[in-house]
Trainee: 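Dumping the structure here so I can ask a few things about it.
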Amino acid sequence: MAWRADIWDRPGPARPEASAQDAPSGGPFARFLAALRGQGGRWGLWLPVAFAGGIVAYFALPREPPWEAVAVLAVAALWLTALAARKGRVSLSLIVAFALFGAVVAKVRTETVSTRMLSAPASVTLTGRVERVEGREGSAQRLTVAVGSIEGIRKGVRPDLVRLTVRGAETGSLPGDHIRVRARLLPPPEPVMPGAYDFARAAWFDGLGATGFSYGAPEQIAGPPAGLSARFAAWLARARIAIAERVYAVLPGRAGTFAVALMTGERADLPDDVVEDLRISGLAHLLAISGLHMMLVAGGVFWGVRALLALSPALAGAWPIKKWAAGTALAAAAVYLALSGAGIATQRAFIMVVIMFAAILLDRTAITMRNVALAALAILLVQPESVLSASFQMSFMAVAGLVAFYEAVRDWRAGRDRDHGGGTVHQALRGTGLYAAGVVVTTLVAGAATAPVAAWHFQRVAAYSLLANAAALPLVSLLVMPSLLLALLLMPFGLEVWPLKVAGWGLDAVIAVAHRVSSLDGASRIVPAAPGLALVLAVFGMLWLCLWRGWVRALGLVAVLLAVPLAAARVPPDVLIEREGRNVAIRNGDGELAVMTARAGRYSAERWLRADGDAATVADAARRPGFSCDRFACIAQLERGRELAVVTHPAALDEECARADIVIATFKLRRDCPSAGAAIDIWALRDNGAHAIYLEEEGLRVERANDHRGLRPWVSVSR
């Protein structure tokens, strides 16, 4: 049986609420069910949500599921889909089927990628083809290299792709070059604490098998000819570098690095203080080439081409110039996607643009929640792992929130008098006011929709984001992006200087706004890390608000509000141990994290402090009372009368094993510490990852990073 046309929501006002006389009997629950049944095609909008839920469930499994179990899920999903097809509409069985399909697709993607990852550090000589160059010549650069050979590592286990940092040397490398380099390779970094972000999982799906650094400048060598796709990728990468150099020739300062980030997606050259100001002020989203940039580029081309064609009345009257403009805008969006590096947010934005302009070509409404759902489903089918990324979550939550808000505004305005008379001045003032109000409302809605995701991933809330965006977005949309687009179009003719200078003025102003706002008292608030369940509950509540219509959508606020106490109920660890034992943090008598040293394991220590909601620097945390160190060991007194010892020399081991409750050894323990509640040596850390210890009345509770990661393909054991 064919699916009904309302499987996806169609634009238009929501169905009228039932009158009091027509309200179903049976109390509030019956009214709730009746309201859900009355949502019609809105049920179809939950299919991508269910698909994403199945993907999340797959990644939450403690071990990799066998193919037999996945086959059962696939059969069950097909059977449920057949049941739903008999009804001809979206039903609960189809939603469950999509959840199962999500898990199946995630498993297939994991097995298809099958990245070979380095299991232990190694100093090697490798050869390969440069695929990407990040950073400017003469500074620290990162090279992504497709490996040809690695001395000492056989072909069956060597990584296919590595990322190297080259410092203090003129690399002279461009994408497509073949190089030989002496380097120190490391396995992809693991979580800095149990439950933290897993870079190794992201590296698995990126095909990245190792990271590291070079011992010197790479040597250019001859190599085998690359395939067509590799040559095209190298050409694109070189084009991005060439564009960046043309920009730097006109804008050598901070504005130039900002312009390059907006044009090519290359952010490695942005100064750290500018990035920090953008984050604190709530303007960091400008660095992610997403919906705003894609729509400004595609929309600008659409408007410009249509306006140019409309100059000819005969052409405008006889031919579909609107569709011609839409086709040209699609081509421009595809070029921008390729030049910008095609990140997740950019892919999502491009798919939205494709759907929007395809709707124009087919004489359909362009911007609907259905298009958002289709874009999400398209990305998740190809890259299911992206559902775990902050980029995917924030971009889709922002777009869903904005579309839902303007749907509500459209429904409210349906049937109202739209005759806005007045002279030219009145119309201009009204248009300016509407634009200003639109910037404010857009910032508020997008900020509210993405706040739970931003707080969970980054432990930061930008208090003055509305102020910063209200000042910066008009500059970006009216001055910067049109100028950069014009500069890009004029570069082949060498006429990009003045458009870039104009863009530079706007970008200097945006940087000034970010710095001024970030300097205000209380501009940035660090929030403690929250359990993953709190994020799931908050996102579900926000989606409930966005996807339903009528009074029933307000129930989503209940889920959002329930997520707040759940996040606050997190019990922070009392001891944190870095994977290599180079740094340890304890919770001192003041309830703050005190760090053993500021010289080693700084990245882990920074993440520990942020997860604790602590804005202190690592150096500040190292000066806090807690540790007492000599050349053999560091001792710390913990709550409940317990003692921790970090033993750095075997000569101190007997003494500390006899008195300490927790013993951490930076070497291999040859015997047990029977009097210690926990004895952790370097092998235990390398096998199981970073440790967290909780001091409880009944004893010590030890959590290990790999216990949270499970037995998955991207999790390796050192020995």
Side-chain angles (χ1 to χ4, degrees), residues 7-9 42-61 65 70 73-74 76-77 80-81 84 90-110 112-113 197-198 201-202 204-205 290-291 343-345 347-349 351-352 355 368-404 449-454 456-457 531-548 556 559-560 563 712:
I7 183 172
W8 299 103
D9 181 47
R42 304 293 286 192
W43 280 92
L45 301 177
W46 286 93
L47 296 179
V49 179
F51 194 84
I55 297 170
V56 172
Y58 163 79
F59 284 112
L61 293 174
V70 175
L73 292 182
L80 290 171
T81 302
V90 176
S91 61
L92 184 60
S93 60
L94 186 61
I95 291 176
V96 174
F98 265 65
L100 298 180
F101 279 133
V104 173
V105 168
K107 169 65 175 178
V108 172
R109 167 72 170 160
T110 298
T112 302
V113 171
Y197 173 72
D198 192 348
R201 181 181 59 205
W204 172 272
F205 289 102
S290 56
I344 292 297
Q347 293 176 34
R348 188 270 308 162
I351 292 173
M352 285 291 297
I355 293 173
T368 67
M369 193 68 77
R370 171 183 55 198
N371 295 351
V372 179
L374 287 171
L377 196 56
I379 288 180
L380 293 178
L381 278 168
V382 179
Q383 293 180 316
E385 71 278 4
S386 64
V387 75
L388 303 176
S389 69
S391 174
F392 178 92
Q393 294 168 13
M394 293 187 70
S395 61
F396 274 100
M397 290 302 297
V399 173
L402 289 170
V403 172
T450 58
V453 178
W456 193 85
H457 282 282
L533 183 59
L535 176 66
V536 171
L537 196 59
V539 169
F540 178 79
M542 296 299 295
L543 289 172
W544 188 280
L545 279 167
C546 294
L547 301 187
W548 292 137
V560 175
R712 310 308 293 267

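Computation of the quantities below employed the complete heavy-atom set of this structure, encompassing side-chain atoms and omitting hydrogens, waters and symmetry-equivalent molecules.
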Trainee: Hey, what do you get for CG (L94) to CZ (F101), rounding to the nearest 0.5 Å?
Mentor: 8.5 Å
Trainee: Taking all non-hydrogen atoms of both residues, which atom of L380 and which atom of S386 are closest, and how far apart?
Mentor: CD2-OG, 3.9 Å
Trainee: Could you tell me which non-hydrogen atom of A373 sits nearest to which non-hydrogen atom of P48, and how far apart they are?
Mentor: O-CG, 3.5 Å
Trainee: For V49, which of L543, L377, I95 qualifies under side chain to side chain contact (heavy atoms under 4.5 Å, CB included)?
Mentor: L543
Trainee: Please report the closest heavy-atom contact between M394 and A454, naming both atoms and the distance.
Mentor: CE-CB, 3.9 Å
Trainee: What is the distance from atom CD of Q393 to atom CG of L388, rounded to the nearest 0.5 Å?
Mentor: 7.0 Å
Trainee: Give a yes or no on whether the backbone of V453 and the side-chain of T450 come within a donor-acceptor separation of less than 3.5 Å.
Mentor: no
Trainee: For the CE atom of M542 and the CE atom of M397, what is their distance to the nearest 0.5 Å?
Mentor: 5.0 Å
Trainee: Could you tell me which non-hydrogen atom of A97 sits nearest to which non-hydrogen atom of A77, and how far apart they are?
Mentor: CB-O, 3.5 Å
Trainee: For Q383, is there any backbone N or O sitting under 3.5 Å from a side-chain donor or acceptor partner on R109?
Mentor: no
Trainee: What distance do L374 atom CG and L45 atom CG have between them, rounded to the nearest 0.5 Å?
Mentor: 9.0 Å
Trainee: With a 3.5 Å cut-off and no angle check, do the side chains of S391 and S389 form a donor-acceptor pair?
Mentor: no
Trainee: Locate the shortest heavy-atom distance separating V387 from I55; write the atom from each residue and the value.
Mentor: CG1-CG2, 3.5 Å
Trainee: So, taking the atom named CZ in F59 and the one named CD in E385, what distance separates them when rounded to the nearest 0.5 Å?
Mentor: 6.0 Å
Trainee: Of all heavy-atom pairs between A106 and Y58, which one has the smallest distance, and what is that distance?
Mentor: CB-CD2, 3.4 Å
Trainee: With a 3.5 Å distance limit and no angle check, can you tell me whether K107 reaches the backbone of P65 through a side-chain donor-acceptor pair?
Mentor: yes
Trainee: Below 30° counts as parallel, above 60° as perpendicular, anything between as tilted: where do the rings of W548 and W544 land?
Mentor: perpendicular
Trainee: Rounded at 0.5 Å granularity, tell me how far CZ in F205 sits from OG1 in T110.
Mentor: 3.5 Å
Trainee: Is the ring pair F51/F98 parallel, tilted or perpendicular, if the boundaries are 30 and 60 degrees?
Mentor: perpendicular
Trainee: Measure the acute angle between the ring planes of F396 and F392, then classify it against the limits of 30° and 60° as parallel, tilted or perpendicular.
Mentor: tilted
